[in-house]
Amino acid sequence: MEAINVSFGKWLSLMVGLAVATLVAVMQWTSPTWVSNGPVSGHVAAVAITSGGIGVASGLLHWMAMSRFDTELLRVIGYVESLGRSAVGVPRYEPRFGLAELTATVERTVAGLRHRAEQLVTQRRELDIQLRLADAERQHAEAILNSISDSVIVTDAFNEIALTNEAAARALGFDRDAAARRPVDQVIHDNTLIKLIKDTREGGDPALRRHVEHVVGHNGRQVVYDVSLASIGPSNERPGTQPHNHETAGVVAILRDITREKEIAENKTEFVSNVSHELRTPLSSIKAYMEMLIDGEARDDQTRSEFYNIIQGETNRLQRLIDNILNISRIESGVVKVQREYISLAQVVTEVVDVMKPQARAKQIELVEVPSPLVFQVFADKDMIAQAVLNLIGNAVKYTPAEGRITVSIEHDERHRQVRIKVADTGVGIAPEHLPHVFEKFYRVHDHKKIAKGTGLGLALVRQIIETVHGGRIEVSSEVGKGSVFSFTLPLAENRV
Ligand code: ADP
C-alpha cells in the first residue's frame, strides 16, 4: 500500500509539471499575440513557462528519487526475507534513505523470534526425551508386572481396571489389551472376586490388607488362590477430576496360586497319619505276640516259633519303613553313606523279582523278567539299586488289578554307555497332569488313594537313589486304563565282564 502511494506521488508531480508547461506552450503557439497583447502579460507568461519547466524538472527529479527508493525498498525486503530464512551467511545490509531504524527494528524482531523458536525447539526436544523415558519406564513396569507369576489386578477410584498382568488375564480368562479402563465387572466374570474388590474399596482403610482363600475353576481344574486385597490411599486418578467422595483411589488384588502348597500340606498331614498307621500296625502286632508269649499262651514250641517268626517279620517291616524315611532325608541332606561296588544288574533284578513274586501271585498278577542277553555291570550301591527296583515293582503290583501283567527288562544302550531297567505294567495308569509330580515327596494321585495304601515316598526315594546318588535318570510314561512304564538308566561300569 505504501509502495503504491509512493509511486502515485511521483507520477502526480511529474504529470502536474508537464500539464502546466504544455498549457503555456499551447497558448503561445496558437496565439502569440494573445500572450503579448491579451490579458496575460509577458512576465506572467515567462513565470508560467518557468514554473512549468520547474514542475517538469521536479517531477523528473522526484520520479528518479522514488525509483531509487523503490529499488532500496526491494533490497530491504530481500534482506528481511534472507534473515527470515537463515541466521548465518546473510550479507549485512547498510541502510540508506533513513531506513536504518526500520531495518534495526526488523533485525531485532527477527532475532527475538529466532530466539523464541530455538527455545521452543529445545523445549520440544526435552519433552521428546521425557516422553521416551516415560514410555521406557512404562514398558519396564509392564515387563516387571508380567514377569510376576502371581495375578495382579489394580482398579482405580472409578472401579475400572487400571493395571493387570498376563498371569491375571490367563487365570481369569480375559483379554488384557481390551481390559484397560473398563469397569471391573465387565472384565472379570468371577462374582466372588468382584465382591471382594468392591468390599475392599468400600472398607477403605489402606493400612489393612486382607487375605482370602478363593477357588477358581480354570481349564476344568480347580485352582486355589490366596487373594491379597488392599485399598490404595486417596489421590486424583485422572487429571482435572476428583475421586468421588470415596476415601480410596482404587484396590490392588494379588492372586497367588496355592494349589500345590495346599496339596503338599494335605499330603504331609496325610503322610504323618499314614506313617503313624504304618508304624502302628507292625508295632501293635509285635506287642500282641510278645504279650501272648509272656502270658504263656504259646504252649508248644511250634506255636512259639510261629510267634517269633511273626515278630521278626513285623520288626523287619518296621525297620524298612523307618529306613525309607531316613534314607530320603539322609540323601537329601547329603549325609548318606554310599557303598559302591561292581554289581550285575541282572542278578539284582532277579533277586528283587523273586522277592516280589509271592505278592504278585497273591493278586493274580503275572510278574515276568525278560532275560537279558548280557551281564551288565554297574558301579553302584547294591542295596540302594535293589531298593529302587523293589519300589518300582512294588508299585506296579499295587496299582495293577488282578489278571494284569508286569514285565521287567534290562536294555543296553552302547551308544550312551548306559543300561536301562524297565518296569512295565498293565495297571490303572497315571493321567498326564500327575506325571510330572509323581516323583515328588508325598505326592499321591488322588484317585489312587482308594486303590492302595502308601506314603508317597517310594518314587521320591527311587529318584534320589538313581539321579542324586548314581547320576542316572528316571522316567515314566503312562496311559490311563492301559498301564505305566517306569524306567531308569545307570551308567555302565568301565570294566564290563
Ligand atoms: P505311594 O506310596 O503312594 O505308592 P509312590 O511315591 O511310590 O507313593 O508313588 C507316588 C504315586 O504315583 C502313587 O501314589 C500313585 O498314585 C502313582 N504311581 C506310582 N506307581 C504307579 C504305577 N505303577 N501305576 C499307577 N500309578 C502309580
Side-chain angles (χ1 to χ4, degrees), residues 260 263-282 317-318 320-329 331-332 349 352-353 355-357 359-360 363-369 384-409 420-468 474-488:
R260 275 296 294 137
E263 268 172 23
I264 288 172
E266 274 167 21
N267 285 343
K268 271 188 182 162
T269 317
E270 202 185 312
F271 166 74
V272 172
S273 90
N274 275 341
V275 166
S276 322
H277 175 82
E278 297 274 323
L279 291 175
R280 203 174 293 126
T281 315
R317 193 175 143 195
L318 205 57
R320 267 201 311 276
L321 188 72
I322 294 169
D323 283 351
N324 236 354
I325 300 165
L326 287 179
N327 279 340
I328 285 196
S329 38
I331 294 175
E332 276 189 344
V349 167
V352 178
V353 166
V355 169
M356 293 304 296
K357 265 194 173 146
Q359 271 190 43
K363 268 190 86 180
Q364 294 162 336
I365 294 168
E366 196 184 351
L367 175 55
V368 185
E369 182 192 351
M384 284 193 182
I385 300 299
Q387 179 74 62
V389 178
L390 186 87
N391 285 9
L392 293 186
I393 300 178
N395 277 350
V397 172
K398 274 199 310 194
Y399 301 106
T400 301
E403 313 290 317
R405 186 185 162 91
I406 300 166
T407 314
V408 187
S409 56
R420 178 182 292 275
I421 290 94
K422 261 191 191 173
V423 179
D425 64 53
T426 57
V428 292
I430 304 165
E433 66 268 26
H434 297 295
L435 281 179
H437 304 295
V438 289
F439 297 107
E440 291 169 14
K441 257 187 302 169
F442 310 124
Y443 194 89
R444 304 199 67 211
V445 176
H446 190 267
D447 292 349
H448 293 176
K449 289 179 187 171
K450 46 188 180 294
I451 299 175
K453 272 196 182 336
T455 55
L457 279 182
L459 290 180
L461 181 60
V462 177
R463 182 163 72 174
Q464 296 280 13
I465 290 173
I466 299 304
E467 298 193 346
T468 313
I474 181 146
E475 282 166 3
V476 58
S477 62
S478 188
E479 205 176 323
V480 174
K482 294 240 167 113
S484 314
V485 180
F486 282 86
S487 67
F488 65 82

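What you see is a predicted model; the values in this text were computed from it and never measured. For ligands, and for the atoms within them, numbers begin at 1 and follow the listed sequence.
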Query raised in the report: Around atom NZ of Lys398, are there more than 12 heavy atoms of other residues, nucleotides or ligands at under 6.0 Å?
Result: yes
Query raised in the report: Which of the atoms of ligand 1 are close to Lys398, meaning less than 4.0 Å from one of its heavy atoms?
Result: 1 (P), 2 (O), 4 (O)
Query raised in the report: Going by heavy atoms, is Phe439 under 4.0 Å from ligand 1?
Result: no
Query raised in the report: Any Lys/Arg nitrogen of Arg420 or Glu475 sitting under 4.0 Å from an Asp/Glu carboxylate oxygen of the other?
Result: yes
Report summary line: Closest to atom 23 (N) of ligand 1 by heavy-atom distance, out of Val423, Ile393, Asp425, is Asp425
Query raised in the report: Any donor and acceptor pair, going by atom type alone, linking the side chain of Ser487 with main-chain N or O of Lys422 inside 3.5 Å?
Result: no
Requested in this report: Return the residue, atom name and 0.1 Å-rounded distance of the protein heavy atom closest to atom 3 (O) of ligand 1.
Outcome: Arg444 NE, 2.5 Å
Query raised in the report: Step by step, would you call Arg405 with Thr426 a side chain to side chain donor-acceptor pair (under 3.5 Å)?
Result: CA-CA 6 Å; Arg405 186 185 162 91; Thr426 57; over 6 Å; no
Query raised in the report: For ligand 1, which atoms sit closer than 4.0 Å to a heavy atom of Leu457?
Result: 6 (O), 8 (O)
Query - Presence of salt bridge, Glu369 and Lys357, under 4.0 angstrom - result: no
Query raised in the report: Should Gly427 be listed as contacting ligand 1, given a heavy-atom distance under 4.0 Å as the test?
Result: no
**Report entry** His448, portion touching ligand 1 at heavy-atom distance under 4.0 Å
**Finding:** side chain
